Amino acid sequence: MYKQEEIKPYGEQGDKGELVEKMFDNIAPTYDVLNHRLSWDIDKRWRRKAIGQLVQFRPQQMLDIATGTGDFAILAAQMLNPSHLIGADISEGMMDIGRKKVEKAGLGSVVSFMKEDCMNLSFPAESFDAVTAAFGIRNFKDLDNCLRELHRVLRTGGHLSIVELSAPKRFPMSWLFKIYSHTILPLYARLVSKDKGAYRYLISTVEAFPQGETMVGILKKAGFEEVKFKRLTFGICTMYLATK
């Protein structure tokens with residue numbers, strides 16, 4: 001078990017998957033505003049870079065896991081022009097917002113949403129040319145199992161593109177990140193979302209989540225090949241590209 005798998009929302013007892021679903025349903029209405037403001041909109045640039053990794057492969061059938069409110073799915077549909085893209089998540093509250101955004105963007109014929117458990121996906125093996133995940137895999141209650149499922153539903157030669165928050169390792173950014181994440185972020189989150197506990201959980205998982213070379217090893221253990229990573233914005237974010 002990885003350290004972040006032991007961390008549960010609100011410090012409650014019970015199944016982590018159910019608690020994560022409850023948490024995201026709670027913060028869904030303010031999730032986008034907080035994400036963009038707390039990152040000064042840099043998260044939008046990170047998403048574009050992660051999707052840009054897939055441009056040369058021209059995927060047609062795509063899965064966006066832990067899709068949340070659909071920002072990554074919508075941007076992927078606009079940048080990659082796939083035939084079909086499924087956004088999958090455990091939180092209906094988040095996906096309800098995503099569905100409205102997809103309709104507003106005129107992408108209803110391309111992007112659809114499904115409630116899915118990443119540990120037991122309903123899709124047949126070799127269903128997708130590409131799988132994407134933005135800022136969600138650190139919430140998986142069993143990272144190894146979920147990555148094996150993502151490997152299973154990818155077609156041979158398909159690609160997994162991940163972008164995830166990470167804790168900077170080098171001073172002074174490591175020091176600045178710690179101050180920001182433990183003071184300003186939870187205070188602002190409490191003011192906007194009225195759910196300070198949820199953002200304390202999210203920061204705790206960022207700090208505990210394996211990154212860089214360690215994450216490369218985890219992806220290879222799940223069956224992926226040609227795994228590479230790149231740290232972005234002084235290590236606040238890391239993106240990965242893996243091939244089946």
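Since the model is a prediction, treat every value here as computed from it, not as a measurement.
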Quick one, Glu207 with Ser181, criterion side-chain contact (heavy atoms from CB on, under 4.5 Å). Give me CA distance, side-chain angles, the key distance, then yes/no.
CA-CA 10 Å; Glu207 294 174 334; Ser181 61; 4.0 Å; yes
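- With respect to the salt-bridge test (charged N to carboxylate O, under 4.0 angstrom), the residues Arg152 and Glu149 qualify.
- Ion pairing of Glu164 with Arg138 is present here, as a side-chain N (NZ or NE/NH1/NH2) and a carboxylate O approach within less than 4.0 Å.
- Side-chain heavy atoms closer than 4.5 Å link hydrophobic residues (I, L, V, M, F, W, Y) into clusters, and following such links, possibly through other members, connects Ile51 to Leu241.
- Using a 4.5 Å cut-off on side-chain heavy atoms (C-beta onward), Phe135 and Val163 make contact.
- Asp96 has a carboxylate O that lies under 4.0 Å from a charged side-chain N of Arg99, or vice versa, which qualifies the two as a salt bridge.
- Among residue pairs with one or both ends in residues 230-242, those qualifying as side-chain hydrogen bond (donor to acceptor under 3.5 Å, both in side chains) are Trp46-Thr233, Ser166-Thr238; sequence neighbours excluded.
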For side-chain contact (heavy atoms from CB on, under 4.5 Å), just list the numbers for Phe140 and Asn145, CA-CA rounded to whole Å, side-chain angles, deciding distance to a tenth of an Å, and then say yes or no. CA-CA 9 Å; Phe140 292 169; Asn145 192 349; over 6 Å; no
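- The closest side-chain heavy-atom distance from Phe209 to Leu143 is below 4.5 Å.
- Heavy-atom neighbours of Lys22 NZ from other residues, nucleotides or ligands within 6.0 Å: at or below the threshold of 12.
- Side-chain contact between Leu232 and Arg45: absent, with no pair of heavy atoms (C-beta onward) separated by less than 4.5 Å.
- A ring pair (Phe, Tyr, Trp, His ring centres under 6.0 Å) check over residues 215-239, counting only residues at least two apart or in different chains, returns the pairs His151-Phe224.
- Neither Leu165 nor Ile137 shares a network with the other; the hydrophobic side chains, linked directly or stepwise wherever heavy atoms of I, L, V, M, F, W or Y lie under 4.5 Å apart, form separate groups for each.
- At least one side-chain heavy atom of Gln78 sits under 4.5 Å from a side-chain heavy atom of Leu107.
- Across Pro82 and Ala76, no two heavy atoms sit closer than the pair CD-O, 3.9 Å.
- Checking side-chain atoms of Lys101 against main-chain N and O of Thr69 turns up a donor-acceptor pair under 3.5 Å.
- Aromatic ring pairs are classed by plane angle as parallel below 30°, tilted from 30° to 60° and perpendicular above 60°; the pair Phe24 and Tyr31 is perpendicular.
- Contact annotation: the side chain of Gln53 never approaches that of His159 to less than 4.5 Å [non-hydrogen atoms, C-beta and beyond].
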Taking it one step at a time, do Met239 and Ser161 satisfy side-chain contact (heavy atoms from CB on, under 4.5 Å)? CA-CA 7 Å; Met239 67 178 185; Ser161 178; 6.0 Å; no
Distance-only donor-acceptor pairs under 3.5 Å for side chains of residues 119-134, two or more places apart:
residue : atom : partner : partner atom : Å
Ser122  : OG   : Glu116  : OE1          : 3.4
Ser122  : OG   : Glu116  : OE2          : 2.5
Glu126  : OE1  : Thr156  : N            : 3.2
Glu126  : OE2  : Thr156  : OG1          : 2.9
Glu126  : OE2  : Lys244  : NZ           : 3.3
Ser127  : OG   : Pro124  : O            : 2.5
Asp129  : OD1  : Arg155  : NH1          : 2.8
Asp129  : OD2  : Gln60   : N            : 3.0
Asp129  : OD2  : Gln61   : N            : 2.9
Thr132  : OG1  : Asp64   : OD1          : 2.8

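- When side chains are defined from C-beta on, Asp89 does not count as touching Phe113, because their heavy atoms never get closer than 4.5 Å.
- Arg47 has a carboxylate O that lies under 4.0 Å from a charged side-chain N of Asp43, or vice versa, which qualifies the two as a salt bridge.
- Between Met215 and Leu147, some side-chain heavy-atom pair lies under the 4.5 Å cut-off.
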Item to check | Test log, rule side-chain contact (heavy atoms from CB on, under 4.5 Å), inputs Tyr2 and Thr214 | outcome: CA-CA 11 Å; Tyr2 303 107; Thr214 303; over 6 Å; no
